[in-house]
Number of protein chains: 2
Amino acid sequence: MSAVNEVADKAIARPSGLAEEVYRRIRADIMSLRLPPDTRVSVDSLARELGVSQTPIREALSMLEANGLVSKRHFAGYATSPRMDRAQLDELFEFRLLIEPHAARKAAESMKGADMAILASGEGATSHDAFADMDTQFHKLIAQGAGNHLIADSLARLHIHVHIFRSCFRSEIAEEAVHEHDDIIAAIRAHDGATAEAAMRSHIERSYARLRDFIRD
Amino acid sequence: MSAVNEVADKAIARPSGLAEEVYRRIRADIMSLRLPPDTRVSVDSLARELGVSQTPIREALSMLEANGLVSKRHFAGYATSPRMDRAQLDELFEFRLLIEPHAARKAAESMKGADMAILASGEGATSHDAFADMDTQFHKLIAQGAGNHLIADSLARLHIHVHIFRSCFRSEIAEEAVHEHDDIIAAIRAHDGATAEAAMRSHIERSYARLRDFIRD
DNA sequence: GGTCCCGCGATCCTATAGGATATTGGATTT
DNA sequence: AAATCCAATATCCTATAGGATCGCGGGACC
């Protein structure tokens with residue numbers, strides 16, 4: 001019986017939801033820059049590489065296209081979306097400023113103790129990747145703490161692009177960001193909605209200023 | 001040359017992006033309640049009905065799933081999402097209140113004359129469907145007027161669900177809504193951002209109150 | 001009468017073949 | 001030498017067939 005599995009072990013395992021699995025795999029490859037922005041992605045190459053048929057690849061790429069991570073040109077194949085330019089960065093942070101401060105306020109008002117424990121942990125990152133993961137987790141937990149699935153989903157989608165942008169420039173670990181996170185966490189633990197909202201707004205504005213310097217076109 | 005086209009005229013026309021065309025078709029069927037909520041949707045039925053292969057159907061359904069209009073259960077086929085319940089309606093309008101007033105302010109500050117002419121026209125709907133289309137167009141133009149693609153896309157996605165919900169209950173034409181629209185349009189034409197933002201907020205809150213009465217579970 | 005087993009239908013998933021199209025490289029012309 | 005045209009290639013898009021899996025209903029057994 002091990003003979004049956006030994007082939008599929010390295011490939012994608014679960015037969016439950018193959019397209020979903022492929023979707024996560026490709027999304028992870030895009031976020032880790034293993035597939036850099038503006039890179040062509042062919043269907044049958046992926047099919048050979050992952051050891052599955054073309055159908056789940058197509059479904060996964062369609063989902064990625066709906067989420068804005070790849071774009072399809074007729075009879076020319078898929079390609080990862082190009083890196084954000086200045087205008088897109090502005091739009092993204094304008095959107096975040098509308099949503100995330102409100103999410104922080106609601107999280108402060110209604111978050112339970114169990115989730116707060118998770119929020120407080122995992123603060124202390126040394127490498128670039130660890131910091132990026134920690135930041136993603138931090139904002140994700142607050143978005144979920146707001147108790148609104150639309151808010152959580154929208155912010156998750158946006159943070160993917162923030163992650164890619166930051167990874168492109170291998171930006172140094174911002175010591176300030178950790179302190180700003182601590183301010184927000186303290187306000188949430190104190191159930192102080194107004195302070196949490198203000199701290200989050202300040203954090204996003206400073207984060208925007210830090211990232212904006214990397215772009216000059 | 002007309003002989004070449006006469007067959008394809010009634011079917012799906014553009015050979016550029018079959019999956020895209022199928023996507024729009026199914027989305028239109030869902031929005032018109034031709035596919036009611038919580039209805040099973042089989043791939044090959046659609047393939048036979050639309051006269052195309054299964055592959056573009058799958059891609060279209062994957063995109064619809066990413067947009068939250070259908071859901072897939074493993075080896076059980078696709079189904080249209082169930083009608084919104086009370087909690088989802090609350091979440092949706094909480095989100096709209098975060099975004100749309102800001103969009104109205106920005107539209108008032110930066111909208112050009114040409115778009116305003118379009119905005120002012122098309123006000124005067126008699127039937128249910130005509131009112132629904134007019135309302136959709138109204139909010140879509142303001143969202144685009146804000147000059148932020150993320151805002152426009154998010155609101156477009158949300159308004160689909162509002163449209164479906166309203167269609168489910170065949171809600172009467174709200175005379176008030178037209179007046180509220182007029183207030184917003186007047187503020188935008190006067191480039192009065194603060195007034196436009198307040199008018200939009202008021203409009204959404206009243207719209208929420210009107211729709212909320214239809215749900216009691 | 002209740003519970004378990006089994007076959008049937010529906011659906012998804014995979015594989016392969018063939019037609020259509022955009023991109024790329026080289027040859028030709030100005 | 002630069003621009004243009006054309007053919008070759010790679011890729012996508014579609015269609016069809018076959019294997020695998022899940023849910024449901026009828027019948028047998030306790």
Side-chain angles (χ1 to χ4, degrees), chain A residues 1 3-26 29 35-36 38-66 69-82, chain B residues 1 3-5 7-26 29 35 38-66 69-82:
Chain A
M1 45 192 71
V4 198
N5 288 333
E6 74 182 12
V7 178
D9 263 358
K10 265 186 61 179
I12 285 166
R14 264 186 303 187
S16 104
L18 238 177
E20 182 79 12
E21 213 64 31
V22 174
Y23 169 80
R24 295 182 193 217
R25 167 66 179 269
I26 300 177
D29 283 354
L35 287 174
D38 214 8
T39 304
R40 304 232 0 212
V41 175
S42 95
V43 174
D44 49 1
S45 302
L46 275 174
R48 273 192 301 273
E49 183 182 346
L50 300 181
V52 299
S53 175
Q54 291 190 359
T55 307
I57 305 283
R58 288 179 178 285
E59 295 190 15
L61 286 173
S62 293
M63 291 191 266
L64 290 165
E65 188 194 15
L69 287 167
V70 303
S71 59
K72 178 177 69 169
R73 277 184 322 181
H74 193 48
F75 283 107
Y78 288 88
T80 53
S81 299
Chain B
M1 47 190 72
V4 199
N5 288 333
V7 178
D9 264 357
K10 266 186 61 179
I12 287 168
R14 263 187 304 186
S16 106
L18 237 180
E20 183 79 12
E21 213 64 31
V22 174
Y23 169 79
R24 295 182 193 215
R25 167 66 179 270
I26 300 177
D29 282 355
L35 287 175
D38 214 8
T39 303
R40 304 219 19 196
V41 175
S42 95
V43 174
D44 49 1
S45 302
L46 275 174
R48 275 192 300 273
E49 183 183 346
L50 299 181
V52 299
S53 176
Q54 291 190 358
T55 308
I57 306 284
R58 288 178 179 286
E59 295 191 14
L61 286 173
S62 293
M63 290 192 267
L64 290 165
E65 188 194 14
L69 288 167
V70 304
S71 59
K72 178 177 69 168
R73 277 185 324 181
H74 193 47
F75 283 107
Y78 287 89
T80 53
S81 299

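So you know, we letter chains A, B, ... as the sequences are listed, proteins then strands, and number each from 1.
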Whole-Å distance between [N] [atom2] and [X] [atom1]?
X: A:Glu65; N: D:dC12; atom1: CD; atom2: P; answer: 13 Å
X: A:Tyr78; N: D:dC12; atom1: OH; atom2: P; answer: 9 Å
X: A:Glu20; N: C:dC12; atom1: CD; atom2: P; answer: 16 Å
X: B:Arg73; N: D:dG23; atom1: CZ; atom2: P; answer: 8 Å
X: B:Gln54; N: C:dA15; atom1: CD; atom2: C1'; answer: 13 Å
X: A:Lys72; N: D:dC12; atom1: NZ; atom2: P; answer: 11 Å
X: B:Ile57; N: C:dC13; atom1: CD1; atom2: C1'; answer: 17 Å

What nucleotide, of D:dT14, C:dA15, C:dA22, holds the atom closest to the side chain of A:Ala76?
->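 So the nucleotide nearest the side chain must be C:dA22.
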From D:dC12, D:dT16, C:dA15, nucleotide with atom closest to A:Arg58 side chain =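 My answer, after comparing the listed nucleotides, is D:dC12.
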Which pair of heavy atoms, one from A:Ala66 and one from B:Ala66, lies closest together, and at what distance?
->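 Shortest heavy-atom separation between A:Ala66 and B:Ala66 comes out as CB-CB, 3.7 Å.
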Neighbours of DNA chain D within residues 40-49 of chain A, by heavy-atom distance under 4.0 Å =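 Correct list: A:Val41, A:Ser42, A:Val43, A:Asp44.
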Which residues satisfy the side chain to side chain donor-acceptor pair (under 3.5 Å) test with A:Tyr78, sequence neighbours excluded?
->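 Side chain to side chain donor-acceptor pair (under 3.5 Å) list for A:Tyr78, sorted by chain: empty.
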State the CD-CD distance between B:Glu59 and A:Glu65, to the nearest 0.5 angstrom.
->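 Answer for the CD-CD pair, B:Glu59 versus A:Glu65, is 8.5 Å.
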If you look only at distance, which donor and acceptor atoms sit under 3.5 Å apart when one is on a side chain in residues 41-55 of chain A and the other is two or more places apart or in another chain?
{"unit_1": "A:Ser42", "atom_1": "OG", "unit_2": "A:Asp44", "atom_2": "OD1", "d": "3.1"}
{"unit_1": "A:Ser42", "atom_1": "OG", "unit_2": "A:Ser45", "atom_2": "N", "d": "3.1"}
{"unit_1": "A:Ser42", "atom_1": "OG", "unit_2": "A:Ser45", "atom_2": "OG", "d": "2.4"}
{"unit_1": "A:Glu49", "atom_1": "OE2", "unit_2": "A:Arg34", "atom_2": "NH2", "d": "3.1"}

Is the backbone of A:Pro56 close enough, under 3.5 Å, to the side chain of B:Arg58 for a donor and an acceptor to pair up by distance?
->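 Answer holds: no.
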Which residues satisfy the side-chain contact (heavy atoms from CB on, under 4.5 Å) test with A:Thr39, sequence neighbours excluded?
->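 So A:Thr39 forms a side-chain contact (heavy atoms from CB on, under 4.5 Å) with A:Pro36, A:Thr80.
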Can a side chain N or O of B:Ser53 be found less than 4.0 Å away from OP1 or OP2 on D:dT14?
->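 B:Ser53 to D:dT14 OP1/OP2: no side-chain N or O under 4.0 Å.
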